[in-house]
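Note sheet for the following structure.
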Amino acid sequence: MPTVEETIKRILVLGIGNILWADEGFGVRVVEEFHRRYAVSDNVTILDGGTRGLYLVNYLEDADCLIVFDAIDYDLDPGELKLVRDEEVPKFTGAKKMSLHQTGFQEVLSAADLLGRCPGQLALIGCQPLNLEDWGGPLTDPVRTQIASAIELACELLTEWGSPPQLRTTPLPASERLLANDIDHLSYEMRARPA
C-alpha cells in the first residue's frame, strides 16, 4: 500500500514567455499574479520559466503534474483562452512557432519524455495574443483581461489534482515575489504605458 507521501502529486505551475515583447509575456504575468494571490501546499512549485528553454527539464523531471501558462497562436480572437491537456499539449506547443521560447519548450517536453520523466498529467492554459511586436510594451487589453480567468482554470486543475490553492489573507511580502527589480507586472506596466 502506498504511503501518504507517495500518493501526493508533485505539481509544477509554470509561466513561460518574454515580458519584453508585449503579449509574449502572458505566461509569466499569469504565474506572477497567481503566486501573489494564492498560497499553495508544499507539493506545488510555482515557477517563472521565462525563456529558460532546456534549463526547465530538471523541473519537469521532478513533477507528476504540470500546468503551463503561455501565449499561443490558436488562430482565435485576440485574448481568447484555450485549455489543452495531456497528449494534446506537445501538438499545440509545436503547432506554430511564434517565438524562440516555444520551440525551446517543445524541446523541454521531448527531453523530459526521452528521459522517462515527463509529467504524467499536462495542462496548457494558452491565450491568443494580439501583439508580439511591441518591444518593451505591456500586455494588450484583451490579453491582460484574461489573467484572472487563466488563474481560475489553474485553481480548478489544482483542486482536481488534490492540491487546492488558498486565497492569501495577507499581502505577499515584496521579498517573496517571483519578479523583482521593477520588472514585476505593476511596476513594468506603469513604466511602459503612455501617460
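As the structure is a computational prediction, the values presented were derived from the model and not from experiment. Position 1 is the first residue of the sequence; numbering continues from there.
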Shared hydrophobic cluster, Leu114 / Leu66 (ILVMFWY, side-chain heavy atoms < 4.5 Å): no

Member of Val13, Ile16, Leu124 meeting the side chain to side chain contact (heavy atoms under 4.5 Å, CB included) criterion with Phe69: Val13

4.5 Å side-chain heavy-atom contact, Gln166 and Arg37: no

Residues 157-165 side chain polar contacts: donor-acceptor under 3.5 Å, at least two apart:
from: Thr159; atom 1: OG1; to: Cys155; atom 2: O; distance (Å): 2.9
from: Glu160; atom 1: OE1; to: Arg85; atom 2: NH1; distance (Å): 3.3
from: Glu160; atom 1: OE2; to: Arg85; atom 2: NH2; distance (Å): 2.7
from: Ser163; atom 1: OG; to: Asn43; atom 2: ND2; distance (Å): 2.8

Residues, nucleotides or ligands: over 12 heavy atoms within 6.0 Å of Glu152 CD: no

Side-chain H-bond candidate by donor/acceptor type, Asp23 with Thr140, under 3.5 Å: yes

Side-chain ion pair, Glu33 and Arg29, N-O less than 4.0 Å: no

Cluster overlap Val28 with Leu130, hydrophobic side-chain contacts below 4.5 Å: no

Full working for side chain to side chain contact (heavy atoms under 4.5 Å, CB included) between Asp70 and Leu14: CA-CA 9 Å; Asp70 196 7; Leu14 176 66; over 6 Å; no

Residues in side chain to side chain donor-acceptor pair (under 3.5 Å) contact with Asp64, at least two apart in sequence or another chain: Arg10

Stepwise side chain to side chain contact (heavy atoms under 4.5 Å, CB included) check, Leu12 with Asp62: CA-CA 8 Å; Leu12 175 61; Asp62 292 334; over 6 Å; no

Note, Leu60 side chain near Arg117 side chain (heavy atom, < 4.5 Å): no

CD1-CD distance between Ile125 and Gln146, expressed to the nearest 0.5 angstrom: 11.5 Å

Value rounded to 0.5 Å, distance of CH2 in Trp135 from CG in Asn18: 6.5 Å

Gln128 side chain to Asp77 side chain, donor-acceptor N/O pair below 3.5 angstrom: no

